[in-house]
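Have a look at the structure below, then the notes.
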Amino acid sequence: MDAFYASVEMRDHPEYRKKALVIAHDPREHNGHGVITTANYVARKYGVGSAMPAIKAVQKVPADKLVFLPPDFEKYRSVSAQVHEIMHEVTDKIQSVSLDEAYLDVTQNKLGDYSTIQLGNYMQQKIYKETGLTCSYGASYNKFLAKMGSEYAKPFGKTLILPEEAKDFLARQDISKFHGVGKKTQLILRELGINTGADLQAKSVKYLIDHFKKMGYVMAMHSRGIDLSPVEWQRQRKSIGKERTFEPSVFEEQKALTLLRGYSSDIANILMTQNVKTKCIVLKIRDTDFYTVTRRRMLKSSTRDAHEIYQEAKDLFEELPEFLEKGIRLLGVSVTSLEQEKYQETNLFSTLE
DNA sequence: GCGGATCAC
DNA sequence: TATGGTGATCCGC
């Protein structure tokens with residue numbers, strides 16, 4: 001398989017920033033882009049009320065020159081669709097990872113007899129021309145290496161990793177660059193003296209499985225340049241959820257129940273548009289001390305009814321009265337065990353065609 | 001199947 | 001230091 005991973009840099013483009021950011025009023029400072037920082041941190045520091053999602057980074061802008069920009073998700077979504085159109089010129093085998101990242105299987109492509117790099121350059125340049133966004137991509141013989149190469153190429157580059165180069169390339173990478181290796185796994189790996197791809201390669205597969213179970217096997221394979229997972233371009237969603245954090249916390253039962261009703265209705269609407277039903281309702285709740293639990297209930301028969309979802313969520317909620325005492329910081333509902341409705345019109349037509 | 005943990009973005 | 005929202009997967013029961 002020729003795999004391809006593209007990552008579009010939206011957050012650094014002034015028009016497409018997806019998240020809250022802080023920007024200097026004076027465009028002569030910081031190239032007119034201002035300074036991106038953790039919105040909540042800045043909000044607290046400068047006494048501005050804000051609970052925007054956070055991103056990374058820098059400071060150095062005086063307080064009186066700061067202004068908060070709300071995220072424009074509509075814009076973000078529409079640009080993402082534009083980018084996807086360009087990718088679809090090359091192949092329909094696209095696995096979206098998020099609005100701005102995707103895997104493409106270009107073993108076959110729609111444009112003709114081109115190399116993976118030629119296809120990549122075509123998309124990269126077209127995306128830049130049509131949206132002004134830079135993107136990087138990685139190309140290799142499997143998904144893992146394609147993604148690794150893409151990260152390596154950021155913010156506006158490309159990386160081609162050939163089979164005979166893979167092991168050396170991986171040996172040089174820090175374990176933090178391995179997909180699936182997060183904070184916790186990193187900590188344990190480093191305690192074992194494993195800091196790089198070379199260290200992973202030096203350990204036996206058995207050793208890694210003994211320490212990390214399935215994850216160990218995956219890391220062993222990845223470090224050796226092996227990843228057989230396909231580009232899942234037809235995957236369907238397995239859960240749908242809605243949750244919200246409150247500042248200050250919620251103490252009133254009526255308010256909590258109203259929120260649950262709203263979430264249930266939102267979820268029911270999505271079930272409707274996606275033509276699926278659910279067999280399992282999950283309640284998620286977090287108190288002021290950040291103590292979080294989830295409780296779920298399996299249904300006898302699947303549903304897409306807002307009120308039925310609400311009733312289950314309410315039942316689960318009422319089994320946890322302690323949270324109202326403490327104060328509710330977060331409340332959420334999600335549904336899993338989704339079942340595709342059969343005999344869907346679109347399916348019928350597409351089958352007949 | 002359930003609930004917590006971990007991870008990605 | 002302060003930790004948002006959505007979704008997936010894995011582990012140990």
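Note that this is a predicted model, so its numbers are computed, not measured.
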Minimum-distance nucleotide to A/Arg235 side chain [options: B/dC9, B/dG4, C/dT9]: C/dT9
Nearest listed nucleotide, side chain of A/Thr245, among B/dC7, C/dT6, C/dG4: C/dG4
For atom CD of A/Gln236 and atom C1' of C/dT6, their distance in whole Å: 16 Å
Rounded distance in Å between the C1' positions of B/dT6 and C/dT3: 16 Å
Centroid separation A/Tyr217 to A/Phe212 less than 6.0 Å: no
Contact under 4.0 Å: A/Thr294 side-chain N or O vs B/dG4 OP1/OP2: yes
Lys/Arg-Asp/Glu bridge criterion (N-O < 4.0 Å) met for A/Lys110, A/Asp92: yes
Whole angstrom value for the distance that separates P of C/dG4 from CD of A/Glu243: 10 Å
Near-ring test A/Phe178/A/His222, centroid separation under 6.0 angstrom: no
Contact under 4.0 Å: A/Thr292 side-chain N or O vs B/dG4 OP1/OP2: no
A/Glu319 side chain to A/Leu316 backbone, donor-acceptor under 3.5 Å: no
Integer-rounded Å distance: C/dA8 P and A/Glu232 CD: 11 Å
Test log, rule ring pair (Phe, Tyr, Trp, His ring centres under 6.0 Å), inputs A/Tyr263 and A/Tyr310: CA-CA 8 Å; A/Tyr263 301 159; A/Tyr310 167 67; over 10 Å; no
Atom-to-atom span, CZ of A/Phe178 to P of B/dC9 - whole angstrom: 15 Å
Heavy atoms of other groups near A/Tyr207 OH, more than 12 under 6.0 Å: yes
Sugar-phosphate, base or nothing in reach of A/Lys147, heavy atoms under 4.0 Å: sugar-phosphate
Between C/dA8 (P) and A/Lys284 (NZ): distance, integer Å: 14 Å
Sugar-phosphate only, base, or nothing, as touched by A/Thr185 at under 4.0 Å among non-hydrogen atoms: sugar-phosphate
Separation of C/dC11 P from A/Lys213 NZ (nearest whole Å): 7 Å
Side-chain N,O (A/Arg296) to OP1/OP2 (B/dG3) below 4.0 Å: yes
Phosphate contact (C/dG4 OP1 or OP2) by A/Arg329 side-chain N/O below 4.0 Å: yes
A/Asn269 side chain vs A/Met272 backbone, donor-acceptor pair below 3.5 Å: no
Any residue of residues 251-260 of chain A with a heavy atom less than 4.0 Å from an atom of DNA chain B: none
Between C1' of B/dC2 and CZ of A/Arg295, the distance in whole Å: 9 Å
Rounded interatomic separation in angstrom, taking NZ from A/Lys214 and P from C/dC11: 7 Å
